[in-house]
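The structure appears right after this line, and notes come after that.
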Amino acid sequence: MDNEMTLSFIAISENEGLARMVMTSFIASLDPTIDELAEFKTIVSEAVTNAIIHGYEEDAQGIVTIRAKRDGRKITMTISDEGRGISDLEQAMEPLFTTKPERERSGMGFTIMESFSDHLSVWSEPQKGTAITFSKDFSPIHSKITMGER
Amino acid sequence: MDNEMTLSFIAISENEGLARMVMTSFIASLDPTIDELAEFKTIVSEAVTNAIIHGYEEDAQGIVTIRAKRDGRKITMTISDEGRGISDLEQAMEPLFTTKPERERSGMGFTIMESFSDHLSVWSEPQKGTAITFSKDFSPIHSKITMGER
Amino acid sequence: MKHQLLFVEDGIAIIRLRGELDHHATQLIREEISQSLYRGKLRAIIWNLQELHFMDSSGIGLILGRMRDFVPSNGQTVILHPSETMKKIFQYSGLGSYVWETTEQETIDALGGILNGQ
Amino acid sequence: MKHQLLFVEDGIAIIRLRGELDHHATQLIREEISQSLYRGKLRAIIWNLQELHFMDSSGIGLILGRMRDFVPSNGQTVILHPSETMKKIFQYSGLGSYVWETTEQETIDALGGILNGQ
Ligand SMILES: Nc1ncnc2c1ncn2[C@@H]1O[C@H](COP(=O)(O)OP(=O)(O)O)[C@@H](O)[C@H]1O
Ligand SMILES: Nc1ncnc2c1ncn2[C@@H]1O[C@H](COP(=O)(O)OP(=O)(O)O)[C@@H](O)[C@H]1O
């Protein structure tokens, strides 16, 4: 294990950006490509937004926790909340399914997280909370086209 | 209380930059001046570096924890470790005193933290650890000279 | 998050998004965009993402919402300059066919409008 | 953290620091700077901080260390272009008098050197 961190914060939407910034800093030494970084930030954003709005209804009290590890060029993360949980996980993970259409949620969060990660698993229990664990492998530095000085 | 977060990470020097980045993001909505931000980052850097090198000798195992709160335009933070602790705190806080002259530490960390914060308190117990709590008030936005579009 | 909204003669609206579009940002700009769009009788909305640095599925919700509210059934939605990652997000969400590989001006020409005051 | 080190005729070294200088960065660059400085008989070191975006007390240790190792007792240390916050850090540390409010070229002139190959 090369590095390890935990970040937790209260459920307000301002912290979606905080979470992306923190995780961007955490993986900076991997020197990710623009697309790798964008996909990684998208996964973080989807999972954290879900915890804030679905887990806690943005109550500014519930705590969202991100645990992250770096082993070589693999990042493994768990984003968890102790909020309302999900009763029908299979349905929740279907593309376009959302319980908040009135808030213009698209129901694409789980689909995007699955597509952009190398491995994803979800634990959830109603009234207990939800935890999403994913991993993403970053391509070796030497396989990247680099321009100018590094 | 407007926002609240906790960050913890293992004792490796790479995480000094991570801590500064995270805290910079955390206070971004206060729109600090360049000097306020630089002073704030310096305090964070001094305290986190001390925990990593003095608390844990960069052992990549000990955990450094930052707890931060934002109330209006005041930030309050505690940086803590469960490392070796400080036996003579008065001496440790003197300008130019350092136990690591061979590592070219300057002994200016505590002096800088005190000068750049509005309030600073230190708790430490040998073999138990150290916790530095400080607060910093950020100037009201309307008192700042702003140039161009915000 | 900042954005710029302009109207082209003949009911074409151009929305240029900037910065990072997440759930937080959509909460801040949705109302403003919706209010502005009420000003014109629309037949097309062009979303220009050239200066958008980040977008997650909240962007899908924003675009789908405005399609539903403002674009008549024979109208158009056009998405310009998404990043590679955004392009994938549009594809997964069934909006891939709204992405045009062209410029704002060519899109306006193709839709037969004239850009005001430019 | 990147830096650039150049020598001026007559034993003046210029070190241009870039990026963020913290404990982590000093660990990475201290050896390299020390090794390079061995190449010349020095009578002055000019630290140009114009492109340094951050510095904490680790920077004090780095500068004091190089003064001790390389600058003879009648030699000079000059610090150029610190930010306001860095200036305060130098003052607290007793290095305030080494900060010159001038440019690299004027410093070299004042020290009576000629900058190589510029
Ligand atoms: N952390 C969570 N806590 C509670 N419910 C969740 C959580 N994450 C997802 N869900 C449920 O799963 C559904 C689908 O999630 P997702 O695919 O991300 O779409 P969206 O966020 O757009 O609704 C949500 O509408 C919600 O009902
Ligand atoms: N977190 C800590 N754990 C143990 N000892 C500490 C800690 N922080 C500071 N110290 C002690 O206090 C001394 C002075 O600290 P400081 O003023 O920051 O200077 P420096 O870090 O340059 O040594 C250190 O040399 C060390 O002995």
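Chain identifiers are assigned alphabetically (A, B, ...) following the order of the sequence lines, protein sequences preceding nucleic acid strands; residue numbering begins at 1 within each chain. Quick caveat, the model's predicted, so the values are computed rather than measured.
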### Message
As a quick check of understanding, evaluate side-chain contact (heavy atoms from CB on, under 4.5 Å) for A/Met21 and C/Glu20, giving each step before the final call.
### Response
CA-CA 12 Å; A/Met21 279 292 299; C/Glu20 312 216 320; over 6 Å; no

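Residues of residues 87-96 of chain C placed with any heavy atom under 4.5 Å of a heavy atom in chain A are listed by number as C/Lys88, C/Ile89, C/Tyr92, C/Ser93.
Chain C forms the most heavy-atom pairs under 4.5 Å with one residue out of A/Ile34, A/Asn15, A/Ile53, A/Leu96, and that residue is A/Ile53. For the set C/Met86, C/Arg30, C/His53, C/Arg68, the count of heavy-atom pairs under 4.5 angstrom toward chain A peaks at C/Arg30.
Of the atoms belonging to A/Arg103, heavy atoms from both backbone and side chain fall under 4.5 Å from chain C. In this structure, chain C has no heavy atom under 4.5 Å from any part of A/Ile43. In this structure, the portions of A/Ser45 lying under 4.5 Å from any heavy atom of chain C include both its backbone and its side chain.
Rounded to the nearest 0.5 angstrom, A/Thr111 OG1 and C/Ile60 CD1 are separated by 11.0 Å. With rounding to the nearest 0.5 angstrom, the CG atom of C/Asp56 is 7.0 Å from the OG1 atom of A/Thr42. The distance from atom CG of C/Leu64 to atom CZ of A/Arg105, rounded to the nearest 0.5 Å, is 12.0 Å.
Side-chain N or O atoms of A/Glu16 include one that pairs as donor or acceptor with a backbone N or O of C/His24 at under 3.5 Å.
In terms of heavy atoms, A/Ser106 sits closest to C/Gly61 at CB-N, 4.0 Å.
A/Glu104 has its side chain within reach of C/Arg66: a pair of non-hydrogen atoms, C-beta onward, lies under 4.5 Å apart. Proximity of A/Arg20 to C/Asp22: side-chain heavy atoms (C-beta onward) are separated by under 4.5 Å at one or more points. The side-chain heavy atoms of A/Glu58 and C/His23, taken from C-beta on, include a pair separated by under 4.5 Å.
When the shell of 6.0 Å around CD of A/Glu82 is examined, it contains 12 or fewer heavy atoms from other residues, nucleotides or ligands. Residue A/Gln91 places its CD atom among more than 12 non-hydrogen atoms of other residues, nucleotides or ligands, all under 6.0 Å distant.
Among pairs with a residue in residues 127-136 of chain A, those fulfilling salt bridge (charged side-chain N to carboxylate O under 4.0 Å, His left out) read A/Glu39-A/Lys136, A/Glu125-A/Lys128, at least two apart in sequence or across chains.
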